[in-house]
There are 2 protein chains.
Amino acid sequence: MGKWKHRILFELQKNDVMRFNELKRAIPGITQKMLTAQLRELEHHDIVVRKVYAQIPPKVEYAMTEYGSSLHPLLAAMNDWGQKHAEHLKQLEEENSLKQTNA
Amino acid sequence: MGKWKHRILFELQKNDVMRFNELKRAIPGITQKMLTAQLRELEHHDIVVRKVYAQIPPKVEYAMTEYGSSLHPLLAAMNDWGQKHAEHLKQLEEENSLKQTNA
DNA sequence: CGGGATCCGATTCGATACTG
DNA sequence: CAGTATCGAATCGGATCCCG
């Protein structure tokens with residue numbers, strides 16, 4: 001499936017409309033190949049719209065569809081939990097460090 | 001990440017406590033390798049507990065931790081949306097078929 | 001019963017180079 | 001600017017065999 005979809009959608013939700021390189025900058029670590037591939041999938045699933053301006057230099061805008069917007073609560077919840085999970089993982093690691101120190 | 005985690009957690013949520021083969025039967029298509037691997041990950045992330053009974057034949061029970069239970073609303077939402085998404089995909093396919101028929 | 005170990009093909013992904 | 005094309009590395013995942 002790809003781990004980036006969440007991030008892409010989360011960014012598109014915050015910013016409404018974004019250009020390709022704008023998305024790329026907003027998501028550190030993603031390659032243009034991945035970004036393209038996942039955007040194509042999202043577009044194919046009618047979650048994202050791709051709007052091409054016939055001009056030079058090229059301009060392509062991405063935004064969520066109305067259907068895609070129905071994901072909003074889910075995305076928000078996932079993001080919340082993701083943050084908690086990150087903290088939780090940190091705590092787990094610290095506990096493991098302590099055990100090793102005491103052993 | 002693995003596509004099975006959601007299913008595993010969903011089953012564990014419904015049934016509270018499940019044995020290995022019980023989970024395997026409940027999730028058609030999963031191999032024991034995948035089930036084992038994902039359960040280990042979930043265990044490592046403190047989302048699932050693994051309880052081993054020292055007896056023959058072996059008995060191992062899996063259940064969600066309290067922390068893992070915090071995923072409940074998220075899992076429910078994901079499941080809901082997953083079903084809607086399936087319907088939506090069917091509609092998209094039908095529309096595409098029509099276009100091809102008319103062309 | 002509940003796995004672990006291994007082999008192997010399929011798929012994913014990153015890096016890089018090129019293009020209208 | 002917004003991609004496409006290609007290659008090789010890494011990971012995923014299924015099949016199979018084995019074990020206490």
Side-chain angles (χ1 to χ4, degrees), chain A residues 1-65 68 78 82 85 89, chain B residues 1-65 68 78 82 85 89:
Chain A
M1 240 249 302
K3 49 188 172 179
W4 299 108
K5 289 225 181 82
H6 312 78
R7 283 301 313 272
I8 296 175
L9 292 177
F10 192 70
E11 293 299 327
L12 281 180
Q13 213 163 240
K14 277 199 311 194
N15 299 28
D16 267 21
V17 175
M18 294 182 81
R19 299 183 57 172
F20 186 83
N21 279 345
E22 202 174 351
L23 270 169
K24 190 164 183 297
R25 274 190 303 271
I27 307 178
I30 198 171
T31 60
Q32 94 285 38
K33 178 184 175 179
M34 279 304 100
L35 184 53
T36 306
Q38 311 254 351
L39 281 171
R40 290 288 184 282
E41 270 187 68
L42 290 169
E43 189 193 358
H44 194 236
H45 287 3
D46 190 32
I47 292 171
V48 154
V49 247
R50 178 166 180 262
K51 192 170 181 179
V52 185
Y53 294 85
Q55 62 183 45
I56 299 212
K59 178 177 173 183
V60 180
E61 287 180 347
Y62 294 91
M64 299 196 64
T65 61
M78 290 181 63
H85 190 56
L89 271 183
Chain B
M1 240 249 301
K3 50 186 171 179
W4 300 106
K5 288 228 182 75
H6 311 80
R7 282 302 312 273
I8 295 176
L9 292 177
F10 193 70
E11 293 299 328
L12 281 180
Q13 214 163 239
K14 276 198 310 189
N15 299 28
D16 267 21
V17 175
M18 295 182 81
R19 299 183 57 171
F20 186 82
N21 280 344
E22 202 175 351
L23 270 169
K24 191 164 183 298
R25 275 190 302 271
I27 307 177
I30 198 171
T31 59
Q32 96 284 38
K33 177 184 175 180
M34 280 304 100
L35 184 52
T36 306
Q38 310 255 347
L39 281 171
R40 290 289 182 283
E41 269 188 67
L42 290 170
E43 188 191 357
H44 194 236
H45 288 2
D46 190 32
I47 292 172
V48 154
V49 249
R50 178 165 181 264
K51 192 170 179 179
V52 184
Y53 294 85
Q55 62 181 47
I56 299 212
K59 177 178 175 183
V60 181
E61 287 182 346
Y62 294 92
M64 299 195 65
T65 61
M78 290 182 63
H85 191 55
L89 271 184

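Just so we're on the same page: letters track the sequence lines, and every chain starts at 1.
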Spacing of [X] atom [atom1] relative to [N] atom [atom2], expressed in whole Å:
| X | N | atom1 | atom2 | result |
| --- | --- | --- | --- | --- |
| B:Lys3 | D:dT11 | NZ | P | 18 Å |
| B:Gln38 | C:dG4 | CD | P | 14 Å |
| B:Lys51 | C:dG3 | NZ | P | 15 Å |
| B:Leu35 | D:dC12 | CG | C1' | 16 Å |
| B:Glu43 | C:dG3 | CD | C1' | 13 Å |

Enter the distance from [X]:[atom1] to [Y]:[atom2] here, rounded to the nearest 0.5 Å.
| X | Y | atom1 | atom2 | value |
| --- | --- | --- | --- | --- |
| B:Glu41 | B:Thr36 | CD | OG1 | 12.0 Å |
| A:Leu12 | A:Tyr62 | CG | OH | 10.0 Å |
| A:Arg40 | A:Leu42 | CZ | CG | 11.0 Å |

(message) Between the opening five pairs and the closing five pairs of the helix from C:dC1-D:dG20 to C:dG20-D:dC1, how far apart are the helix axes, to 10°?
(response)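 It works out to 50° between the end axes.
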(message) Let's see if you get this right: which residues in residues 19-34 of chain A place a heavy atom under 4.0 Å from DNA chain D?
(response)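 A:Arg19, A:Phe20, A:Asn21, A:Gln32, A:Lys33, in order of number.
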(request) Taking B:Thr65 for its side chain and B:Val49 for its backbone only, find out whether a donor-acceptor pair lies under 3.5 Å. (result)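 It does not hold such a pair.
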(message) Strictly below 4.0 Å: does A:Arg50 bring a side-chain N or O up to OP1 or OP2 of D:dA2?
(response)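 The answer is no; no side-chain N or O of A:Arg50 sits under 4.0 Å from OP1 or OP2.
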(message) Measuring to OP1 and OP2 of D:dT4, would you say a side-chain N or O of A:Arg40 lies under 4.0 angstrom away?
(response)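 Answer yes for this pair, as a side-chain N or O of A:Arg40 is under 4.0 Å from OP1 or OP2.
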(request) May I ask you to list the residues of residues 52-62 of chain A, by number, that have any heavy atom positioned under 4.0 Å from an atom of DNA chain C? (result)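 A:Pro58, in order of number.
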(request) Would you please test A:Val60 and A:Arg50 for side-chain contact (heavy atoms from CB on, under 4.5 Å) and show each step? (result) CA-CA 7 Å; A:Val60 180; A:Arg50 178 166 180 262; 3.8 Å; yes
(request) Ignoring the backbone of A:Thr36, work out which of C:dG4, D:dG13, D:dT4 is nearest its side chain. (result)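 Looking only at side-chain atoms, A:Thr36 lies closest to D:dT4.
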(message) Please enumerate all residues that pass salt bridge (Lys or Arg N to Asp or Glu O under 4.0 Å) together with B:Glu43, with sequence neighbours excluded.
(response)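 Partners of B:Glu43 under the salt bridge (Lys or Arg N to Asp or Glu O under 4.0 Å) test: none.
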Identify all side-chain donor-acceptor contacts of residues 17-32 of chain A below 3.5 Å with residues at least two apart in sequence or on another chain.
| from | atom 1 | to | atom 2 | distance (Å) |
| --- | --- | --- | --- | --- |
| A:Arg19 | NH2 | A:Pro58 | O | 3.4 |
| A:Glu22 | OE1 | A:Arg19 | N | 2.9 |
| A:Thr31 | OG1 | A:Met34 | N | 3.3 |

(request) Apply side-chain contact (heavy atoms from CB on, under 4.5 Å) to A:Leu9 and A:Val48, showing your working. (result) CA-CA 8 Å; A:Leu9 292 177; A:Val48 154; 4.0 Å; yes
(message) Take a 6.0 Å sphere around NZ of B:Lys59 and say whether it holds more than 12 heavy atoms from other residues, nucleotides or ligands.
(response)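 Counting other residues, nucleotides and ligands, NZ of B:Lys59 exceeds 12 neighbours.
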(request) Taking side chain to side chain donor-acceptor pair (under 3.5 Å) as the test, write out the residues that go with B:Glu61, two or more places apart. (result)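 B:Tyr53.
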(message) Set out, in order, the CA-CA distance, both residues' side-chain angles and the distance that settles side-chain contact (heavy atoms from CB on, under 4.5 Å) for B:Trp4 and B:Leu35, then state yes or no.
(response) CA-CA 8 Å; B:Trp4 300 106; B:Leu35 184 52; over 6 Å; no
